[in-house]
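Notes for the one structure printed next.
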Amino acid sequence: MTSSSSSSSSTQELLNTLLNNPSTIKSKLQAKQLHAQILKTRPNPSPSHISALLSLYSNFANLLRDSLLLFQTLHSPPPLAWKSLIRSYTSHGFFLQSVASFVRMRASGRYPDHNVFPTVLKSCAMLGDLTLGESLHGSVVRHGMDSDLYTCNALMNMYSKFRSLGKNGGERFSARQVFDEIPEWKGGVESYFGGVEKREVNADASRDSIESSEMSKEMETRLPRTSNASGISKRKEVERHVQMDSVRKVFDMMPYRDLVSWNTVIAGSAQNGMYEEALSMLREMGNNNMKPDSYTLSSVLPIFAEYVDIIKGKEIHGHAIRNGFDADVFIGSSLMDMYAKCTRMEDSLRVFDLLPRCDAISWNSIIAGCVQNGMCDEGLRFFRQMLTAKIKPMPVTFSSIMPACAHLTTLHLGKQLHGYIIRSRFDYNVYIASSLVDMYAKCGNIRTARWIFDRIETHDMVSWTAIIMGCAFNGYAHDAISLFEQMEAKGTKPCYVTFIAVLTACSHAGLIDKAWEYFNLMTQRFGIAPGLEHYAALADLLGRAGRLEEAYNLISDMHIEPTGSVWLTLLAGCRVHKNVELAEKVAEKIFMVDPLNMGAYVILSNVYAAARRWKDVARLRASMKKKGMRKKPACSWIEVRNKVHAFVAGDNSHPYYDRINVTLKVLLEKMEREGYVPDTNEVLHDVDEEQKKALLSSHSERLAIAFGIISTSAGTPLRITKNIRVCVDCHTAIKYISKIVGREIIVRDNSRFHHFNGGKCTCGDYW
DNA sequence: ATAGGGTTAG
């Protein structure tokens with residue numbers, strides 16, 4: 001069809017095509033040309049022609065405005081026009097308007113048929129309002145559509161979506177809002193045909209026609225809710241089952257089921273955490289001669305990711321390959337995620353490499369997989385590749401990549417991403433905000449973290465935990481505890497991780513009684529079984545306070561098997577309090593469960609060195625060598641003008657090496673005048689005092705600090721990150737340095753933050 | 001004509 005055919009007779013042909021063979025019109029352009037053609041010769045097309053054109057328009061994207069204009073020319077829109085309008089609204093994401101139009105259609109006396117219900121039900125699923133959904137279900141039943149295949153499939157999907165939308169903080173709408181939306185012709189739309197009369201909308205009639213409450217009652221008798229009074233604590237579980245019970249009821253009443261029906265139930269169960277039900281439906285579907293397709297497989301793969309079941313996951317992967325589904329982006333994404341959750345990144349990367357086409361979600365999968373497995377640099381590389389490939393990042397992309405910045409302490413990257421997030425208007429997404437809070441906190445910028453936290457609209461458990469952990473990590477224990485109390489007052493239930501944060505705060509401030517109080521609160525009131533991290537925080541606290549026996553008994557009486565890292569916290573306590581006997585006993589425990597624990601070797605060596613037991617130091621060194629263990633060199637890094645500078649003790653390759661040494665020497669003189677006495681006790685080498693002092697002042701954090709002093713202007717805070725713990729002497733030394741240079745120095749080591757200012761550190765004696 | 005799938009934060 002071309003625009004050159006302009007005679008009246010050919011217009012008649014076009015109209016016949018429109019009415020009888022609309023499927024021959026395959027493009028938006030053709031549809032618009034047809035519209036223009038009709039206008040040229042027929043100033044007043046019949047309602048059936050307009051409806052047919054409207055139906056055609058609703059097949060294409062970005063024609064909503066044209067559809068609305070066309071619709072407005074109709075004084076009494078026939079069913080086809082209504083259905084097309086509703087379809088247009090839904091396909092353009094105007095779900096509220098879609099349902100409202102359905103209500104208006106009913107108010108105008110037109111009857112819905114089996115074609116329109118699936119679309120309306122889909123809109124309702126997106127709106128996430130249960131009451132509205134039940135009303136629509138009532139309408140389905142009263143119009144005799146409760147045996148229609150497509151309608152039932154849409155109904156099941158709708159019920160299964162209510163929970164997951166609510167859980168994700170998706171916007172919730174109510175039937176009330178649908179009514180508010182009904183007088184939707186707010187002017188500004190002018191007709192192509194001119195001379196449109198404004199029609200009155202009878203809102204009362206609309207209200208009568210849907211009768212939400214009455215329908216809800218009707219639905220209650222048809223779909224009785226399970227009265228599962230198993231307990232208040234499992235309220236969430238029960239709620240979840242109520243929706244899935246409705247899905248099952250629809251499923252069981254269906255006279256005929258197709259693959260979509262099965263897939264809808266399986267996906268619904270999987271998405272609502274009912275994994276066993278989903279898997280039993282998968283088996284049952286085979287008994288009913290239904291062969292799983294790519295939809296089925298991509299729905300069940302997340303279950304094996306959650307179960308960390310690589311065997312079953314690989315079975316599905318094999319099935320996908322045998323059936324030619326392995327090029328499917330949906331299956332690819334869930335496969336990458338499954339392998340990543342099973343810590344099999346090689347397999348995950350291979351799936352990614354073999355995927356012929358990638359969309360935003362498959363990029364997210366590989367990025368999240370890398371970051372979750374500690375491959376932060378690779379994650380960032382994929383993120384850049386994604387941008388290069390012109391794939392627009394989604395909110396999920398940012399919450400996946402931000403932890404990489406937090407882990408690497410690359411504040412400049414995190415800030416850059418934050419800028420991108422603000423420009424994309426994603427900054428009120430609670431997932432992203434939580435990851436930003438964590439990133440800023442982990443980069444030592446607790447004020448910005450708090451600023452972002454304060455601007456989150458509704459805090460959830462994770463965002464509370466992020467800020468509490470942020471304060472705890474940064475040494476602001478009392479803020480952390482106060483925030484925890486605020487969280488309780490707001491009625492947000494703390495979880496396992498929240499208590500790790502609270503106990504970390506206590507350990508940072510030496511609040512032993514408080515810590516026990518929270519430990520008991522967690523176990524007794526919240527019924528959370530303490531994990532390794534909780535025990536570690538408590539043992540750390542007791543150890544630092546010198547209550548070594550108490551810590552030893554705590555770890556010995558744990559209800560789970562302690563790992564080397566739990567014992568290691570106590571070993572560190574033994575070092576601080578110079579208890580050689582207990583240190584040996586604890587180290588023995590560690591070597592029993594973890595013979596290659598580097599930390600244990602290093603700390604025990606420190607303990608021996610402090611006691612001048614050089615033979616034991618040598619024995620340990622020989623033992624390490626025999627096992628092929630090499631001490632990981634201490635490394636510190638600092639960000640200066642968006643570039644990360646890394647320093648290793650004794651490394652003289654840095655261009656500023658000489659200037660750094662001069663600065664350190666000048667500083668040392670000033671420090672000694674202020675009263676600094678080097679603590680050479682932990683120097684592992686049996687050398688003279690002067691050499692020990694020289695070794696101490698070449699520790700990597702001091703090189704990084706000196707570099708920071710040289711290359712930034714006066715008053716700028718210095719942020720240092722170290723891969724291992726800051727030693728006792730450096731801790732003392734940095735206090736002096738902060739006073740002398742009048743700067744805030746923030747040092748993050750693998751376990752906590754130290755904010756030095758004016759000769760003091762936030763962690764006080766509990767370094 | 002109309003219905004079904006994958007990825008995030010502490």
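Proteins get letters first, then strands, A, B, ... in listed order; numbering begins at 1 in each.
- Atom CZ of Phe94(A) has 12 or fewer heavy atoms from other residues, nucleotides or ligands within 6.0 Å.
- With 3.5 Å as the limit, one finds a donor-acceptor pair spanning the side chains of Ser362(A) and Asp359(A).
- Applying the salt bridge (charged side-chain N to carboxylate O under 4.0 Å, His left out) test to every pair with at least one member in residues 314-331 of chain A, sequence neighbours left out, gives no pairs at all.
- Residue Val265(A) is classed as having no contact, given no heavy-atom separation below 4.0 Å to the nucleic acid.
- Checking dG6(B), dA3(B), dG5(B) against the side-chain heavy atoms of Ile331(A) singles out dG5(B) as nearest.
- Close placement of the Tyr339(A) and His317(A) rings is indicated, their centers lying within 6.0 Å of each other.
- A straight line from CE of Met469(A) to P of dA9(B) spans 15 Å, rounded to a whole angstrom.
- Counting to the nearest Å, the P atom of dA9(B) and the CD1 atom of Ile421(A) are 13 Å from each other.
- For a distance-only test at 3.5 Å, the side chain of Thr465(A) qualifies as a donor-acceptor partner of the base of dG10(B).
- The CG atom of Leu335(A) sits 10 Å away from the C1' atom of dG6(B) (whole-angstrom rounding).
- Within the 4.0 angstrom heavy-atom criterion, no nucleotide atom of any strand lies near Asn429(A).
- Among the atoms of the strands shown, base atoms are found under 4.0 Å from some heavy atom of Asp293(A).
- Applying the 3.5 Å distance criterion, the base of dG6(B) shares no donor-acceptor pair with the side chain of Ser365(A).
- If you check every strand for non-hydrogen atoms under 4.0 Å, Asn157(A) touches sugar and phosphate atoms only.
- Side-chain polar atoms of Ser334(A) and Asp337(A) form no donor-acceptor pair below 3.5 angstrom.
- Judged by atom type and distance alone, Asp359(A) reaches the base of dG6(B) through a side-chain donor-acceptor pair under 3.5 Å.
- By the ring-ring contact (aromatic ring centres under 6.0 Å, His included) test, Phe484(A) pairs with Phe499(A), Tyr518(A), sequence neighbours left out.
- For Phe330(A), the side-chain atoms get nearest to dG5(B) when compared with the rest of dT2(B), dG10(B), dG5(B).
- Atom CE of Met461(A) and atom P of dT8(B) are 18 Å apart (whole Å).
- Closest approach to the Ala466(A) side chain among dA3(B), dG10(B), dG5(B) is made by dG10(B) (side chain taken as heavy atoms from C-beta onward).
- When distances are taken from the side chain of Ser298(A) to each of dG6(B), dA9(B), dG5(B), the shortest belongs to dG5(B).
- Considering only side-chain atoms of Leu80(A), the nucleotide from dA3(B), dG10(B), dA1(B) that sits closest is dA1(B).
- Nucleotide dG6(B) holds its C1' atom 11 Å from the NZ atom of Lys341(A), rounded to whole Å.
- The side chain of Asp438(A) lies closest to dG10(B), out of dG10(B), dT8(B), dA1(B).
- Residue contacts for Met156(A): at a heavy-atom cut-off of 4.0 Å it reaches no nucleic acid atom on any strand shown.
- If you look at Phe382(A) and Phe352(A), their ring centroids are closer than 6.0 Å.
- Panel note: side chain Asn373(A), backbone Met375(A); no donor-acceptor pair is recorded below 3.5 Å.
- Here Cys152(A) lies out of heavy-atom contact (under 4.0 Å) with every strand.
- Listed nucleotides: dG10(B), dA3(B), dG5(B). Nearest to the side chain of Asp328(A): dG5(B).
- Taking only distance into account, the side chain of Ser333(A) meets the base of dG6(B) through a donor-acceptor pair shorter than 3.5 Å.
- Residue contacts for Ser362(A): at a heavy-atom cut-off of 4.0 Å it reaches a base atom on one of the strands shown.
- Salt-bridge formation is not detected for the pair Lys249(A)/Asp252(A): no Lys NZ or Arg NE/NH1/NH2 atom is positioned less than 4.0 Å from an Asp or Glu carboxylate oxygen.
- One can place NE2 of His418(A) at 18 Å from P of dA9(B), the figure rounded to the nearest angstrom.
- With distances taken from any side-chain atom of Ser435(A) to the nucleotides dG6(B), dT2(B), dA9(B), the minimum falls on dA9(B).
- When distances are taken from the side chain of Lys161(A) to each of dG5(B), dA1(B), dG10(B), the shortest belongs to dG5(B).
- Within 4.0 Å (heavy atoms only), Asp148(A) reaches no atom of the nucleic acid at all.
- Here Ser55(A) lies out of heavy-atom contact (under 4.0 Å) with every strand.
- Using a 4.0 Å heavy-atom criterion, one finds that Lys122(A) contacts the sugar-phosphate atoms exclusively.
- Taking the charged nitrogens against the carboxylate oxygens, Arg455(A) and Asp427(A) have no contact shorter than 4.0 Å, which rules out a salt bridge.
- We find that CG of Asn153(A) is positioned 14 Å from C1' of dG5(B), with the value rounded to whole Å.
- Across dA1(B), dG10(B), dG6(B), the shortest atom-to-atom separation from the side chain of Val462(A) is found for dG10(B).
- Residue Ile467(A) is out of contact with every strand shown, counting any heavy-atom pair closer than 4.0 Å.
- The residue Thr498(A) sits close to a base: some heavy atom pair falls under 4.0 Å.
- DNA chain B is contacted by Gln372(A) of residues 369-376 of chain A, taking any non-hydrogen atom closer than 4.0 Å.
- Look at CD1 on Ile367(A): it is 10 Å from C1' on dT7(B), rounded to the nearest Å.
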